Engineer: 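Let me give you the structure first, and then I'll get to my questions.
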Amino acid sequence: MASVTASTTPTKLRANKRSEAEAERATTEAEAAVEAAARNVTAPHTGSLSRRMMLIAAVWIVVLLSFGGVALDRVLTNQLRSEFDSRMLIPLNAMLRSADLDPFGDVYFNSILGDQNYLEPGSGSYWQISGEGHQPYPSRSLWDDRLEVRDVIAAEPIFYDSDQFPDEPLRMVQRTIQLPGSDVQWQFVVAQSRASLDEQRATVRGTLIWAFAILGIGLFLITAAQTWYGLGPLRRIRSAIVRMRTTGTNRVTEPLPLEVQPMVEELNALLAHSERQAEEARTHAGNLAHALKTPLTVLNNAAHAHAPDLDETVLREADTMQRHVDHHLARARAVGRRATGLSRTVAMESAEGVERAVSRLYQHVRFALTGSRTSEVAMERQDLDELLGNLIENAAKYGGGSVFVTIDAEPGRDECVIWIEDDGMGIPEKDRGAIFGRGARLDTGKPGTGLGLAIVRDVAEIYGGTVDLGESEDLGGLLVKLILPRAPSAG
């Protein structure tokens with residue numbers, strides 16, 4: 001029988017090695033396929049950040065320069081018109097100084113106006129004096145034409161535009177004077193062609209348009225350069241990520257601006273978290289493989305040796321493998337759920353649900369559940385249910401008939417502390433550390449796998465918590481302190 005076993009073992013080892021090699025090759029191919037698929041996935045986007053910044057800058061440049069240009073054009077053209085009007089007051093004042101009445105009551109000038117433009121017909125410079133009941137007294141430059149004046153009494157000069165001559169728009173100033181010895185309200189009017197004023201306006205407006213256009217283009221180019229330079233750190237982050245994917249580096253370490261540094265820190269934290277997740281997964285897989293290796297070897301040897309107690313061996317080792325599988329599955333589920341980072345559970349709600357379930361199994365046990373009804377822990381509800389389920393069931397199973405559960409028993413601490421007390425025999429202080437080992441049992445005479453406290457410890461540690469054992473002052477039995485991180489406040 002031994003020779004048969006010896007002859008078949010090398011063959012079996014070679015077959016196992018081939019199977020392991022094929023499995024490893026299949027795993028590598030699967031990882032390569034996943035990586036290729038990830039590279040081919042195009043993430044959705046909402047457009048270019050650069051274009052968005054440039055568009056906003058362009059709109060604001062156009063709006064601000066337009067308003068600024070209109071305002072400056074209004075100021076400059078008003079200034080030009082004011083200077084034009086001031087020049088028109090000079091001949092008007094000269095007319096007022098030289099005006100007098102002849103014996104017939106008509107107006108005449110006792111001195112000649114010095115500007116020769118008022119003597120040349122169609123020169124663009126005109127004056128006229130008119131009064132009710134009298135013929136208008138025009139300048140020689142009007143020739144046969146007469147100015148149409150406004151029928152108003154204006155003690156102070158008033159300025160207005162006139163389009164009386166279609167081919168020669170005019171700017172006019174008018175003032176009402178009552179000469180000494182006359183009851184007539186005389187309208188003194190000076191008119192000047194607006195051609196020079198309109199030309200000056202057009203020159204100023206054209207200069208403003210070109211100046212503001214050049215200014216706008218310059219501002220847009222500056223904005224483009226600022227956008228390109230300002231977004232440079234994002235391009236450097238992208239290059240760093242490409243290097244991480246191609247060279248195997250695992251962090252972004254190059255110096256970056258303060259505004260980008262928090263994002264880089266979060267990225268590095270995410271990478272560290274992913275590495276920790278992967279390392280934990282590898283550790284779980286290795287631990288599970290190592291834990292299953294011995295039972296499988298025992299089964300393999302027993303089967304080849306045709307052991308007479310093969311049935312009992314299969315059942316015993318299968319039970320051992322089931323315990324290991326349950327243990328590592330619990331850890332894997334906790335690690336996977338912890339990855340969200342947004343877990344929060346009301347501890348009292350979980351404890352009430354567990355208490356209802358356990359009380360049906362242990363109807364003779366008296367349960368007391370007290371404490372805060374609002375305290376929240378940073379843990380998924382399923383995992384908290386599993387922790388409390390193991391601890392409360394152990395207290396009911398191994399206690400003397402009373403179980404007290406207190407939520408947030410130490411409210412002054414940063415963590416949320418949950419007490420589970422029973423009135424059983426308790427655990428000696430020297431044995432409290434060993435009880436968390438896989439397969440350790442409080443009472444071998446009662447059914448169980450010996451994995452409850454080990455799972456409680458591992459899952460609590462995954463979430464950053466701990467489990468402490470002590471002696472209950474109220475019941476005299478075991479006191480289990482489940483210490484878990486509080487969920488961050490919503491604000």
Side-chain angles (χ1 to χ4, degrees), residues 69-208:
V70 170
L72 187 57
D73 174 76
R74 188 70 56 85
V75 170
L76 293 178
T77 53
N78 287 341
Q79 181 65 26
L80 291 175
R81 186 173 59 191
S82 177
E83 293 177 357
F84 191 84
D85 293 344
S86 297
R87 290 195 296 270
M88 293 175 62
L89 288 176
I90 296 175
L92 177 64
N93 292 331
M95 291 171 61
L96 295 177
R97 287 193 301 269
S98 302
D100 204 350
L101 295 175
D102 62 14
F104 301 100
D106 293 325
V107 175
Y108 76 98
F109 290 143
N110 55 29
S111 62
I112 300 175
L113 297 180
D115 194 342
Q116 294 297 315
N117 288 326
Y118 293 109
L119 301 177
E120 298 178 5
S123 64
S125 299
Y126 314 104
W127 56 258
Q128 178 179 296
I129 302 174
S130 58
E132 186 177 357
H134 296 268
Q135 291 294 327
Y137 180 33
S139 64
R140 180 67 62 86
S141 57
L142 280 172
W143 198 246
D144 294 331
D145 295 321
R146 298 293 180 267
L147 295 175
E148 297 176 358
V149 300
R150 294 183 178 180
D151 188 12
V152 295
I153 303 299
E156 296 296 328
I158 60 172
F159 298 88
Y160 55 91
D161 292 331
S162 173
D163 295 323
Q164 174 185 350
F165 303 148
D167 55 345
E168 189 179 31
L170 301 175
R171 178 72 174 167
M172 304 178 68
V173 57
Q174 177 179 337
R175 186 176 180 183
T176 304
I177 296 294
Q178 186 174 352
L179 296 174
S182 174
D183 296 332
V184 179
Q185 298 288 340
W186 297 97
Q187 302 290 349
F188 285 71
V189 179
V190 173
Q192 185 70 38
S193 173
R194 297 200 313 265
S196 60
L197 177 61
D198 292 341
E199 183 178 355
Q200 290 177 339
R201 284 177 175 176
T203 301
V204 168
R205 194 160 293 162
T207 302
L208 287 177

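Treat the numbers as computed from the prediction; the structure is a model and nothing was measured.
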Engineer: Locate the shortest heavy-atom distance separating E156 from R175; write the atom from each residue and the value.
Structural biologist: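 For E156 versus R175, the nearest heavy atoms are C-CG, 4.3 Å.
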
Engineer: Could you give the distance from CD (E168) to OG (S123), rounded to the nearest 0.5 Å?
Structural biologist: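 Interatomic distance, E168 CD to S123 OG, rounded to 0.5 Å: 8.0 Å.
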
Engineer: Is there side-chain contact between L208 and V204, with at least one heavy-atom pair below 4.5 Å?
Structural biologist: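 Contact flag for L208/V204 side chains = yes.
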
Engineer: For a quick test of reading the model, state the closest non-hydrogen atom pair linking L142 to Q128 and the distance between them.
Structural biologist: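 Closest pair (atom of L142, atom of Q128, distance): CD1-OE1, 3.8 Å.
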
Engineer: Can you check side-chain contact (heavy atoms from CB on, under 4.5 Å) on V149 and Q164, steps first, answer last?
Structural biologist: CA-CA 10 Å; V149 300; Q164 174 185 350; over 6 Å; no

Engineer: Centres of the F109 and W127 rings: under 6.0 Å?
Structural biologist: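 That pair passes the under 6.0 Å test.
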
Engineer: Using modelled atom types only, decide if a donor and an acceptor are shared between the side chain of T77 and the backbone of R74 within a distance under 3.5 Å.
Structural biologist: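 Pair found, side chain donor or acceptor close to backbone of R74.
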
Engineer: Using a 4.5 Å cut-off on heavy atoms from C-beta on, say whether the side chain of I153 contacts that of Q187.
Structural biologist: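 Yes, side chains in contact.
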
Engineer: CZ of R81 to CD of Q200: how many Å apart, nearest 0.5 Å?
Structural biologist: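 Nearest 0.5 Å value for the CZ-CD distance: 13.0 Å.
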
Engineer: How close do P157 and V173 get, counting heavy atoms only, and between which atoms?
Structural biologist: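 Closest heavy-atom pair between P157 and V173: CB-CG2, 3.7 Å.
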
Engineer: Flag the pair Q174 / V152 as yes when at least one side-chain heavy-atom distance between them is below 4.5 Å, and no otherwise.
Structural biologist: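 A side-chain contact under 4.5 Å exists here.
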
Engineer: Regarding Q192 and S125, do their side chains bring together a donor and an acceptor under 3.5 Å, going by distance alone?
Structural biologist: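 Short answer, yes.
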
Engineer: Quick one: CE on M88 to CZ on F159, what's the gap to the nearest 0.5 Å?
Structural biologist: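 So the CE of M88 and the CZ of F159 are separated by 6.5 Å.
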
Engineer: For a 4.5 angstrom cut-off between non-hydrogen side-chain atoms, does D198 reach R201?
Structural biologist: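 Counting from C-beta outward, D198 and R201 do come under 4.5 Å.
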
Engineer: Do you know which two heavy atoms are closest between L101 and P180, and how far apart they sit?
Structural biologist: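 Looks like CD1-O, 3.6 Å.
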
Engineer: For the residue pair E132 / Q185, report whether a side-chain donor-acceptor contact shorter than 3.5 Å exists.
Structural biologist: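 No, no side-chain donor-acceptor contact under 3.5 Å.
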
Engineer: Mind listing the closest non-hydrogen atom pair of F84 and S196 along with its distance?
Structural biologist: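 F84 and S196 have their closest heavy atoms at CE1-OG, 3.6 Å.
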
Engineer: Would R150 count as a cation-pi partner of Y160, with NZ or CZ less than 6.0 Å from the six-membered ring centre and within 45° of the ring normal?
Structural biologist: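 Yes, cation above the ring, under 6.0 Å and within 45°.
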
Engineer: For S182, does its backbone N or O pair with a side-chain atom of Q178 as donor and acceptor, under 3.5 Å?
Structural biologist: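 Indeed, once roles are kept as given, a pair shorter than 3.5 Å links the two residues.
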
Engineer: Within this structure, what is the OH-CG distance for the pair Y108 and D102, rounded to the nearest 0.5 Å?
Structural biologist: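 The distance works out to 7.0 Å.
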
Engineer: Check whether any side-chain N or O of T203 sits under 3.5 Å from a backbone N or O of E199 as a donor-acceptor pair, and report yes or no.
Structural biologist: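 Yes; at least one donor-acceptor contact below 3.5 Å.
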
Engineer: Return the orientation label for the F165 and Y126 ring planes: parallel under 30°, perpendicular over 60°, tilted otherwise.
Structural biologist: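 Perpendicular.
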
Engineer: Is there a side-chain contact between F188 and L92, using heavy atoms and a 4.5 Å cut-off?
Structural biologist: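 SC-SC contact between F188 and L92 confirmed.
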
Engineer: Going from CG on L197 to CG on L170, what distance comes out if it is rounded to the nearest 0.5 angstrom?
Structural biologist: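 L197 atom CG to L170 atom CG measures 12.0 Å (nearest 0.5 Å).
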
Engineer: Taking atom CZ of R146 as the centre, does the number of heavy atoms from other residues, nucleotides or ligands within less than 6.0 Å exceed 12?
Structural biologist: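 Yes.
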
Engineer: What are the two closest heavy atoms between S141 and E120, and how far apart are they?
Structural biologist: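 Nearest pair, atom of S141 first, then E120: CB-O, 3.0 Å.
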
Engineer: Near D151 CG, under 6.0 Å, is it more than 12 heavy atoms from other residues, nucleotides or ligands?
Structural biologist: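 Result for CG/D151: open.
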
Engineer: Calculate, to the nearest 0.5 Å, the distance between atoms OG and OH belonging to S130 and Y137 respectively.
Structural biologist: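 With rounding to 0.5 Å, OG (S130) is 13.5 Å from OH (Y137).
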
